[in-house]
Amino acid sequence: MKIVADNTVPYLKGIAEPIAEVNYLTSKEFTPENVKNADALIVRSIDKCTRELLEGSRVKLITSATIGFDHIDTRYCDEAGIAWKNSPGCNAVSVAQYVFAGLLTIALRKGEPLQGKTIGIVGVGHVGKEVEKLCSAYGMNVLRNDPPRAEAEGEDGFVPLDTIAEQADIVTFHTPLTKEGRFATRHLAGEDFFRKLQRKPWFVNASRGAVHNTDALLHARKEGKIGELILDCWENEPDINRKLLELATIATPHIAGFSADGKANGTRMCLENIEKFFQVKIEKIGEVVPPVPETPVIDLDRFDGNRIEQAILTGFNPLTVDRALREHPDRFEWFRANYHHPREYGAYTIVHATPEEAGLLRRLGFGIQQ
Ligand SMILES: NC(=O)c1ccc[n+]([C@@H]2O[C@H](COP(=O)([O-])OP(=O)(O)OC[C@H]3O[C@@H](n4cnc5c(N)ncnc54)[C@H](O)[C@@H]3O)[C@@H](O)[C@H]2O)c1
Ligand SMILES: O=C(O)[C@H](O)[C@H](O)COP(=O)(O)O
């Protein structure tokens with residue numbers, strides 16, 4: 001079997017080699033010539049799987065180490081009989097921890113506790129549910145908007161987007177990017193949405209850039225319709241809007257899902273898809289694990305104040321990435337390819353926590369030493 005894999009998919013090299021010839025390519029090297037003899041492709045969101053790339057090839061399976069699959073022309077693949085798979089939920093916890101870290105960073109800077117604030121979550125799937133878990137555990141109120149789910153499961157527990165626009169102190173988007181259909185999300189955060197905002201909410205987009213309309217977002221920010229702005233996803237990546245970068249409170253180069261745990265999950269899911277599709281056994285899958293953190297123990301006694309928040313920001317602090325992107329916005333993709341993947345909360349053990357601190361940190365996902 002021949003596999004063509006993006007050479008920046010972590011923890012992959014050497015794992016599938018016992019059962020396949022694996023050719024590792026940069027995103028630019030994903031050309032019709034280079035993929036035509038492959039049975040399977042292992043891709044990331046930057047590898048556009050279009051008709052132009054695939055037509056005339058013998059590719060039978062495309063498996064993406066990502067949650068999103070808007071980089072795959074699924075309609076063409078379905079027509080051409082090419083199976084395609086994404087990696088549902090692989091980095092959902094990572095994105096939720098990114099959002100939470102961003103909110104905490106701003107809250108600490110402003111001296112405005114998050115407890116008691118209302119967050120509106122637009123899109124309550126794998127990621128949105130994890131955001132809800134963290135925010136509820138921390139004492140925030142949650143409003144959930146998800147019309148496709150509301151239609152399938154009943155309205156209970158869901159609110160219209162207008163209610164979020166009116167009542168939320170923070171709005172965070174976690175929908176897929178869809179351009180067609182009744183629930184299309186392209187430019188969902190557009191002029192109409194921003195006009196309806198009542199409480200100067202903080203605005204977060206860590207879903208896909210085109211879920212917001214850049215001009216409308218710029219306008220809303222300049223007009224003071226939104227209080228703070230956290231952006232991980234941008235229209236037209238990697239060539240991002242420099243004015244928006246300037247106006248963002250926290251700006252990162254699409255790395256919300258880049259925990260080591262999320263990356264390992266994505267790689268493992270791709271290999272499992274290959275096993276299932278081609279009916280083969282990849283013995284080394286168990287070796288796809290994230291590395292142990294450099295300092296897996298977090299001692300709360302080393303912090304002077306805000307002990308819980310400092311513990312949370314130990315593994316990942318968005319300001320480091322934010323600073324780097326502002327200095328070199330032209331290196332958006334370079335930062336992504338050379339990123340130091342942080343571990344998620346579950347990889348850390350907290351020591352010297354009071355019973356109350358231990359309870360909260362455990363609910364957020366940390367290990368606790370009694
Ligand atoms: N920034 C990152 O690094 C990163 C990482 C992972 C995922 N993502 C993106 O985050 C998004 C969410 O991922 P997920 O795993 O939660 O997806 P998911 O499919 O599990 O959930 C998406 C939810 O959005 C809902 N939805 C669809 N259309 C909607 C609409 N018009 N209004 C409100 N809700 C709507 C769906 O019903 C679903 O429940 C995707 O766009 C994904 O590509 C980004
Ligand atoms: O959809 C996803 O899973 C995320 O957006 C993911 O983090 C994209 O990462 P990439 O494919 O660029 O590695």
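Each ligand, and each atom within it, is numbered from 1 in the order the structure gives. When reading the values below, keep in mind they use all heavy atoms of this one structure, side chains included, and skip hydrogens, waters and symmetry mates. Model, not experiment: these values are computed from the prediction.
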Any protein N or O within less than 3.5 Å of an N or O in ligand 1? List each pair with its distance, or say none.
unit_1   : atom_1 : unit_2 : atom_2 : d
ligand 1 : 1 (N)  : A206   : O      : 3.1
ligand 1 : 1 (N)  : D232   : OD2    : 2.9
ligand 1 : 3 (O)  : G257   : N      : 2.9
ligand 1 : 16 (O) : H126   : N      : 3.2
ligand 1 : 16 (O) : V127   : N      : 2.8
ligand 1 : 20 (O) : H126   : N      : 2.9
ligand 1 : 20 (O) : H126   : ND1    : 2.7
ligand 1 : 31 (N) : F183   : O      : 2.9
ligand 1 : 37 (O) : D146   : OD1    : 2.7
ligand 1 : 37 (O) : D146   : OD2    : 3.4
ligand 1 : 39 (O) : D146   : OD2    : 2.6
ligand 1 : 41 (O) : T175   : O      : 2.7
ligand 1 : 43 (O) : R208   : NH1    : 3.3
ligand 1 : 43 (O) : R208   : NH2    : 3.3

Do T320 and N317 meet the criterion of a side-chain donor-acceptor pair at a distance under 3.5 Å?
no
Lys/Arg N to Asp/Glu carboxylate O, R75 vs E180, below 4.0 Å
yes
Do the side chain of K225 and the main chain of K222 share a donor and acceptor less than 3.5 angstrom apart?
no
Hydrophobic cluster membership, V211 vs I164, 4.5 Å side-chain cutoff
yes
Just by distance, with hydrogens left out, do N86 and S64 show a side-chain donor and acceptor under 3.5 Å apart?
no
Please tabulate, line by line, the atom pairs linking an N/O of ligand 2 to a protein N/O at a distance below 3.5 Å, with the distance in Å to 0.1, or answer 'none'.
unit_1   : atom_1 : unit_2 : atom_2 : d
ligand 2 : 1 (O)  : I67    : N      : 3.4
ligand 2 : 1 (O)  : G68    : N      : 2.7
ligand 2 : 1 (O)  : R208   : NH2    : 2.7
ligand 2 : 3 (O)  : I67    : N      : 2.6
ligand 2 : 3 (O)  : N91    : ND2    : 3.0
ligand 2 : 5 (O)  : R208   : NH1    : 2.8
ligand 2 : 5 (O)  : R208   : NH2    : 3.3
ligand 2 : 5 (O)  : H254   : NE2    : 2.7
ligand 2 : 9 (O)  : R336   : NH2    : 3.4
ligand 2 : 11 (O) : S45    : N      : 2.6
ligand 2 : 11 (O) : S45    : OG     : 3.0
ligand 2 : 12 (O) : R44    : NH2    : 2.9
ligand 2 : 12 (O) : S45    : OG     : 2.8
ligand 2 : 12 (O) : R336   : NH1    : 3.0
ligand 2 : 12 (O) : R336   : NH2    : 2.7
ligand 2 : 13 (O) : R44    : NE     : 2.7
ligand 2 : 13 (O) : R44    : NH2    : 3.2
ligand 2 : 13 (O) : K263   : NZ     : 2.7

Of all the heavy-atom pairs spanning A65 and C90, show the shortest one and how long it is.
O-SG, 4.1 Å
Classify the side-chain pair D73/T50 by whether it contains a donor and acceptor separated by less than 3.5 Å.
no
Would Q369 and T349 count as having a side-chain donor-acceptor pair, cut-off 3.5 Å?
no
Is the closest side-chain donor-acceptor distance between E235 and T214 under 3.5 Å?
yes
